[in-house]
Amino acid sequence: MIEVQDLSKRYGDKKAVDNISFRAEDGEILGFLGPNGAGKSTTMNILTGYISCTEGKALIDGIDILEDPIKAKSHIGYLPEQPPLYLDMTVKEYLNFIYDLKKCKLPRNSHLKDICGLVKIEHVYGRIIKNLSKGYKQRVGLAQALVGNPNVLILDEPTVGLDPNQIIEIRSLIKKLGRNHTVILSSHILTEVQAVCDKIIVINEGRIVADDTEDNLSRRLSADHKLLVRIEGPSDKVQKEILSIKGAISCEPGVTHGENVREYRVEAQEGVDIRRDIFRKMAEKGWYILEMRSSELSLEDIFIKLTMGENVPALDRTDGGAE
Amino acid sequence: MGAIFRREVLSYFTSPIGYIFLAAFYACSAVSFTNNSLSHGTTQLDAIFGELMIILIVLIPILTMRTLSEEKKNRTDQCLLTSPVSLGGIVAGKFFAAFLIYAMGVAITLVYAVIVSAYAEPDWTVIAGNITGLLLLGAAFIAVGMFCSSLTENQVVSAVVSFIVMLALYLFTTIGEVIPVDFIRNIFPTLAAWQVTVIVDVVIAAVAAAIYFAAGRRPNTVIIAFVAMLVVSGLLIGGDKVPEVFAKLSFWERYYGFTYGLFDLSNVLFFVSAAVVFLFLSVRVLEKRRWA
């Protein structure tokens, strides 16, 4: 369990973290979403006792990180933004060192073997860390956090540098770990946080912009009512036809792809799914839907959305993915 | 602490540093042994131990330069500082690892004593005193080196700074003698020492105030000015006692006795407390970084 109360961190005049409070229960995965420099890493460094906070309190399993740091730290597994690896050691030596460092009581060989199996680094176990690829280094960093089976896992951008297959593996691993650990992970990728986390906190410029517990963020951030459709048919008529659908608010024509094929950005009222209606209308007219997908929200869109409430202006970017 | 100690010892031998240090130490001490003992046909080893201090000033920075600076540069300090180990434990683990490597170097002097004993019986108690002195001196130097290493992320800077600091500690007696206290005193020959002190302090405060307001009101200016005022006041009021005080703090003066077989407890305490002070300062630097 992690509890943070009115946490602030000041560097001189600059406030890196400004009055943040949140809670993460056991068996919960909390996602920290925010752009670079939002204060995600600073918050995590405070939670793990690497740096101090200027004001406020951070409790790990009920233990204050500043009052009893050694006991609190023994409950934490931390993967920083840059994995803290001793490059001239082998993976085996490194994990054994971490095992000793954390004063771990679990049976050494079987425990380390289990962890290597989880993050799939058995076949590089004897190799020197310096020579591993970035993805493997990241996984060794994750393994390091798992040593000692700590109750709280704090992972700072855990999937950076991994290839798509590995990302899926690590995400499912985190989900699995989330069943009996408290996990906090940070990311600047919305889809990642949505895929893995039970609860999302959006943070920008050191402040919490939105907390999932309060306003059911994931529903608000879902973009099913904003569609990107590519249709083959006469442009002006298609637009008119779509606008005539009940619930549709706007339809802006976008890029043309060859003769008669065009993309349209369609927005419907929130909570109204007009995909079936579009399909039926187009079929009636004999026009072809070549592609239809929900437009993804970029981080900027999210902030606009969250800070401006319901009066969201139409999105003006085609490929809104944050990657 | 145990885990860090083991990792550090291992790292001295997975990187070239341990080998370089030991090889250089063995080579330099062997040259000294040949020149001072074997060629002169004497079983007295004290000249060697005297020369070893100079060798240490060059070699100890190599041993300690990466201890704390590399951790910060590679961000591995995040792993140490977020693990359930106290800062004191981290610094102590690293100190004892460096000290073990150092002791492996010092052990060679025993071999020299044994070689010499083939010709005539050396004074074993003197040699025991010599080795104890050398170990104590090394412990203090390693602590100094680690402190310098804690201040920077750059190994080269760390090595150069610790070399300069150690050299200064070695030459403390000379430094004490050449500080131009009389020069300032003689500007105002008629005034008493305390009056000169007040005048000089006022000048320093005025200059510091000018810098403070011109350079954007940094608190560091105040601290530096305050320290400068303290030091200058101490020197001016100390007057003739200054060289004496410096000589008492000189590592060479303290170590000198050991090479002649004088086992003075105050010298032992001096080196032990010097080591403790610099290790404590290293811990404070790490602690301070967290609160920055």
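Note that this is a predicted model, so its numbers are computed, not measured. Each chain gets a letter, A, B and so on, in the order its sequence line appears, and its residues count up from 1.
Within 6.0 Å of CZ on B/Phe226 lie no more than 12 heavy atoms contributed by other residues, nucleotides or ligands. Counting heavy atoms of neighbouring residues, nucleotides and ligands inside a 6.0 Å radius, atom CD of A/Glu205 does not exceed 12 of them. By the 6.0 Å contact criterion, CZ on B/Arg289 is enclosed, its count of non-hydrogen atoms from other residues, nucleotides or ligands being greater than 12. Remark: A/Lys57 NZ is loosely packed, at most 12 non-hydrogen atoms of other residues, nucleotides or ligands lying under 6.0 Å away.
Of all non-hydrogen atoms in A/Cys53 and B/Trp291, the two that sit nearest each other are O-CZ3, 4.1 Å. In terms of heavy atoms, A/Lys73 sits closest to B/Arg290 at NZ-NH2, 3.6 Å.
In terms of heavy-atom pairs under 4.5 Å with chain B, the best-connected choice from A/Ala72, A/Gly148, A/Ala145, A/Ser74 is A/Ser74. Across A/Ile128, A/Ile76, A/Ile70, the residue that shares the most heavy-atom pairs under 4.5 angstrom with chain B is A/Ile70.
Separating the CG atom in B/Leu81 from the CD1 atom in A/Ile51 is a distance of 11.0 Å, to the nearest 0.5 Å. For the atom pair OG of A/Ser41 and CD of B/Gln78, the computed distance is 8.5 Å after rounding to the nearest 0.5 Å. To the nearest 0.5 Å, atoms OG (A/Ser52) and CD (B/Glu287) are separated by 8.5 Å. For the atom pair OG1 of B/Thr82 and CD1 of A/Ile65, the computed distance is 9.0 Å after rounding to the nearest 0.5 Å.
Heavy atoms closer than 4.5 Å to chain B are found nowhere in A/Lys71, neither backbone nor side chain.
The interface of residues 68-77 of chain B with chain A, defined by heavy-atom distances below 4.5 Å, comprises B/Glu71, B/Asn74, B/Arg75, B/Thr76, B/Asp77. Residues of residues 109-125 of chain A lying under 4.5 angstrom from chain B, judged on non-hydrogen atoms, do not exist here. Taking 4.5 Å as the heavy-atom cut-off, the residues of residues 81-103 of chain A that approach chain B are A/Gln82, A/Pro84, A/Leu85, A/Tyr86, A/Asp88, A/Met89, A/Glu93, A/Tyr94, A/Phe97, A/Ile98, A/Asp100, A/Leu101, A/Lys102, A/Lys103, ordered by number.
A search for ring pair (Phe, Tyr, Trp, His ring centres under 6.0 Å) contacts involving B/Phe251 returns B/Phe141, B/Phe270, B/Phe271, not counting sequence neighbours.
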